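These notes concern the structure reproduced below.
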Amino acid sequence: MSSIGYIIKQERLNQKIKQSVLAKGICSTSYLSKIENNSTVPSEEVITFLLKRLNLEIDKLSNEEENKFIDAFSELYKLAIIQRDKKWIRATLDEFSTRKTYFLQLKNYHTYNLYMFRLRLILNEKIDILQSAYEVIIKTEESFDEKQRFLANLNIGLYFYLNGDYYKSLCRLEKSLKFVHNITNEEWEMADYYNVLSLIYFKCNEFFNTINYASKSLKYYKDNLLFERAIDSYIVIGAAHKKMRRYEEAEKNYNLAKKLVIDYKVVDYEGMIYQNIGSLHAIQESHDKAIEYYKLSLKSKEKNFNAEGYLITILSIIKEYSKQTNHVEVLKWCKKGLEAIEDIKNKYNTECHSFYCHFEIYRAFHSSTDELEVVLKKGISHFEMVHDNRHVQKYSILLADYYFKQSKFKAANLYYQKSIQVLFKQNFITKWEDL
């Protein structure tokens, strides 16, 4: 079976053309529906007319050429997963996505779409692009073989992870476990799978599983001198130990990551390491030590400019000064953060609305103005919209406390309830009895 029906459907949806419009004068709408669902094999004449109306030219390859195409793309996919060089992935994606290949073998069509979906996930493409790619996978997954089901669950799990739906993400990733022993995966594929699984277990607060699977991926990365991936694994393991309050183990893993950064001059990770060591001191209430490391992180991120990382560190410094009720320093760093947002917006045309909300909330909280209520409401609405449940809960509690102190008990109750609802969601429960 060929993939032409799926290609026609995909292109029709991309161009926002109705089936009746595309089919008019060529075939019936019901027949087009059968073509698009790959339940019939249309004549070459019908295919030609449909492609012409879509203004779509497709490379038609022989079986041998097609297999070579997929083999070449598989190697590029492997390099993309291992190296995570986003500039290179972007160039590769642009090169291959401009070609509309008429796959004579449906299996190759599915594999190609799965690889492209993963590349787009790594690049964290726009929501509508990822949504479109996700829908293609969902609508065709019934015809996947076991290896493709493994890849589909991995990719869909990552898609849910990026959308902040960690429970759905974990369900998909764990589905892939049953295929692991039935298919042939190379070591790098299993290391990648374990790495993704460890990240999602971390988000679901399953820290023993986080350490277990991150350690499995770490072994492959160390053995194959993939230092950047090894650093990632050390950081995840360290973060899991930190959550479990095993601070010595956390520091040990962060220092192992730091050693790789220094020994192999992986400068892009320097700021991240200092950030994590700073957070370790922060959770132990060593505020000055935490700020010291955060400032080292900031210095590194200024040198190897990382917009999001830079703003994360400024926010971390603000939090430490806030814990000490140092209003002067909080306001000073809020101003620095807001100025950085403007600079990033002007230079890179990048919106940083979440950080804007964070800085505005801390600024209002530590100022002698009456803005806090309005700023918190706007912030909570934003974080609900982007599915950032952690900050919905955090700022709902702050607003509820504010209302309580103002003797506005009904309003306080509403926001305490909102924070409890998020707590239930974070623990994947629906009833208070299960707490």
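Throughout, numbering of the chain's residues begins at 1 and tracks the sequence. Since we're looking at a predicted model, the values are computed, not measured.
Heavy atoms of other residues, nucleotides or ligands lying less than 6.0 angstrom from OH of Tyr356 number 12 at most. When the shell of 6.0 Å around CD of Gln324 is examined, it contains more than 12 heavy atoms from other residues, nucleotides or ligands. Within a 6.0 Å sphere centred on CZ of Phe365, other residues, nucleotides and ligands contribute 12 heavy atoms or fewer. Surrounding CD1 of Ile127 are at most 12 heavy atoms belonging to other residues, nucleotides or ligands under 6.0 Å away.
In this structure, the separation between CD on Glu270 and NZ on Lys258 is 9.0 Å, given to the nearest 0.5 Å. Here CZ of Phe179 is found 12.5 Å from CG of Leu154. Values are rounded to the nearest 0.5 Å. With rounding to the nearest 0.5 angstrom, the CD1 atom of Ile82 is 10.5 Å from the OH atom of Tyr77. With rounding to the nearest 0.5 Å, the separation of CD in Glu36 from CG in Leu50 is 8.5 Å. In this structure, the separation between CG on Leu114 and CG on Leu119 is 11.0 Å, given to the nearest 0.5 Å. Separation of atoms CD1 (Ile231) and CG (Asn253) is listed at 12.5 Å; rounding is to 0.5 Å.
Looking only at atom types and distance, the side chain of Asn255 has no donor-acceptor partner in the side chain of Tyr234 under 3.5 Å away.
Across every non-hydrogen atom of Tyr362 and Val330, the tightest pair is O-CG1, 4.0 Å.
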Check against side chain to side chain donor-acceptor pair (under 3.5 Å), Tyr159 and Gln131: CA-CA 9 Å; Tyr159 173 75; Gln131 176 73 19; 2.5 Å; yes
- request: Test Lys377 against Glu373 for salt bridge (charged side-chain N to carboxylate O under 4.0 Å, His left out), laying out the working first.
  value: CA-CA 6 Å; Lys377 280 186 173 180; Glu373 179 183 359; 3.8 Å; yes
message: Set out, in order, the CA-CA distance, both residues' side-chain angles and the distance that settles side chain to side chain contact (heavy atoms under 4.5 Å, CB included) for Leu158 and Phe117, then state yes or no.
response: CA-CA 10 Å; Leu158 271 171; Phe117 186 32; over 6 Å; no
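Without hydrogens or angle criteria, Ser169 side chain to Phe160 main chain gives no donor-acceptor distance under 3.5 Å. Judged purely by atom type and a 3.5 angstrom limit, Ser297 has no side-chain atom pairing as donor or acceptor with the backbone of Tyr274. With hydrogens and angles ignored, the 3.5 Å screen pairs a side-chain donor or acceptor of Glu66 with a backbone N or O of Gln105. In terms of modelled atom types and a separation under 3.5 Å, the side chain of Ser300 and the main chain of Leu296 share no donor-acceptor contact. With Ser62 contributing its side chain and Glu65 its backbone, the two residues share a donor-acceptor pair below 3.5 Å. Side chain of Glu75 to main chain of Asp71: no donor-acceptor pair is present (N/O by atom type, distance under 3.5 Å, no hydrogens or angles). Remark: side-chain polar atoms of Ser33 are not paired, donor with acceptor, to backbone N or O of Thr29 under 3.5 angstrom. With Arg118 contributing its side chain and Asn155 its backbone, the two residues share no donor-acceptor pair below 3.5 Å. Side-chain atoms of Ser198 come within 3.5 Å of backbone atoms of Asn195 as a donor-acceptor pair (strictly under, hydrogens ignored). Panel note: side chain Gln15, backbone Leu54; a donor-acceptor pair is recorded below 3.5 Å.
Scanning for side chain to side chain donor-acceptor pair (under 3.5 Å) contacts around Ser176 gives an empty result, with sequence neighbours left out. Residues passing the salt bridge (charged side-chain N to carboxylate O under 4.0 Å, His left out) test with Lys259, sequence neighbours excluded: Asp263. Annotation: salt bridge (charged side-chain N to carboxylate O under 4.0 Å, His left out) contacts of Lys336 (sequence neighbours excluded): none. For Lys168, there are no side chain to side chain donor-acceptor pair (under 3.5 Å) partners, not counting sequence neighbours. The salt bridge (charged side-chain N to carboxylate O under 4.0 Å, His left out) test applied to Asp288 returns no partner, not counting sequence neighbours. The side chain to side chain donor-acceptor pair (under 3.5 Å) check on Lys319 picks up nothing, with sequence neighbours excluded. For Glu64, the salt bridge (charged side-chain N to carboxylate O under 4.0 Å, His left out) partners two or more places apart in sequence, or in a different chain, are Lys68.
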Show me the donor-acceptor pairs within less than 3.5 Å that the side chains of residues 141-149 make with the rest of the protein, sequence neighbours left out.
residue	atom	partner	partner atom	Å
Glu141	OE1	Arg172	NH1	3.2
Glu141	OE2	Arg172	NH2	3.2
Ser143	OG	His110	NE2	3.0
Ser143	OG	Thr140	O	2.8
Asp145	OD1	Lys147	N	3.2
Asp145	OD1	Gln148	N	2.8
Lys147	NZ	Thr184	O	3.4
Lys147	NZ	Asn185	OD1	3.3
Lys147	NZ	Glu189	OE2	3.2
Gln148	OE1	Asp145	N	3.1
Gln148	NE2	Lys107	O	2.9
Gln148	NE2	Thr111	OG1	3.0
Arg149	NE	Phe144	O	3.4
Arg149	NH2	Glu142	O	3.2

In a table with atom names and distances, give each donor-acceptor pair under 3.5 Å that connects a side chain of residues 209-216 to protein atoms at least two apart or in another chain.
residue	atom	partner	partner atom	Å
Asn209	ND2	Glu206	OE1	3.0
Thr210	OG1	Phe202	N	3.0
Thr210	OG1	Glu206	O	2.8
Ser215	OG	Ile211	O	2.6

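Residues His281 and Glu292 have side chains not in contact (no heavy-atom distance under 4.5 Å, counting atoms from C-beta outward). In this structure the side chain of Asn205 reaches within 4.5 angstrom of the side chain of Phe207, judged on heavy atoms. Within the 4.5 Å cutoff, no side-chain heavy atoms of Lys203 are placed close to those of Leu199. You'll find the side chain of Val41 stays beyond 4.5 Å of the side chain of Ile35, heavy atoms only. Leu398 has its side chain out of reach of Tyr415: every pair of non-hydrogen atoms, C-beta onward, lies at least 4.5 Å apart. You'll find the side chain of Ser354 reaches within 4.5 Å of the side chain of Phe383, heavy atoms only.
Here the rule is ring pair (Phe, Tyr, Trp, His ring centres under 6.0 Å) with Tyr193, and of Phe150, Tyr220, Trp188 only Phe150 fits it. Exactly one of His358, His387, His353 qualifies for a ring pair (Phe, Tyr, Trp, His ring centres under 6.0 Å) with His382. That residue is His353.
Applying the ring pair (Phe, Tyr, Trp, His ring centres under 6.0 Å) test to residues at least two apart or on different chains, the pairs with a partner in residues 243-268 are Phe227-Tyr264. Residue pairs meeting the salt bridge (charged side-chain N to carboxylate O under 4.0 Å, His left out) criterion with at least one member in residues 378-392, sequence neighbours excluded: Glu384-Lys418. Counting only residues at least two apart or in different chains, salt bridge (charged side-chain N to carboxylate O under 4.0 Å, His left out) contacts with residues 352-363 comprise Glu360-Arg363, Arg363-Glu371.
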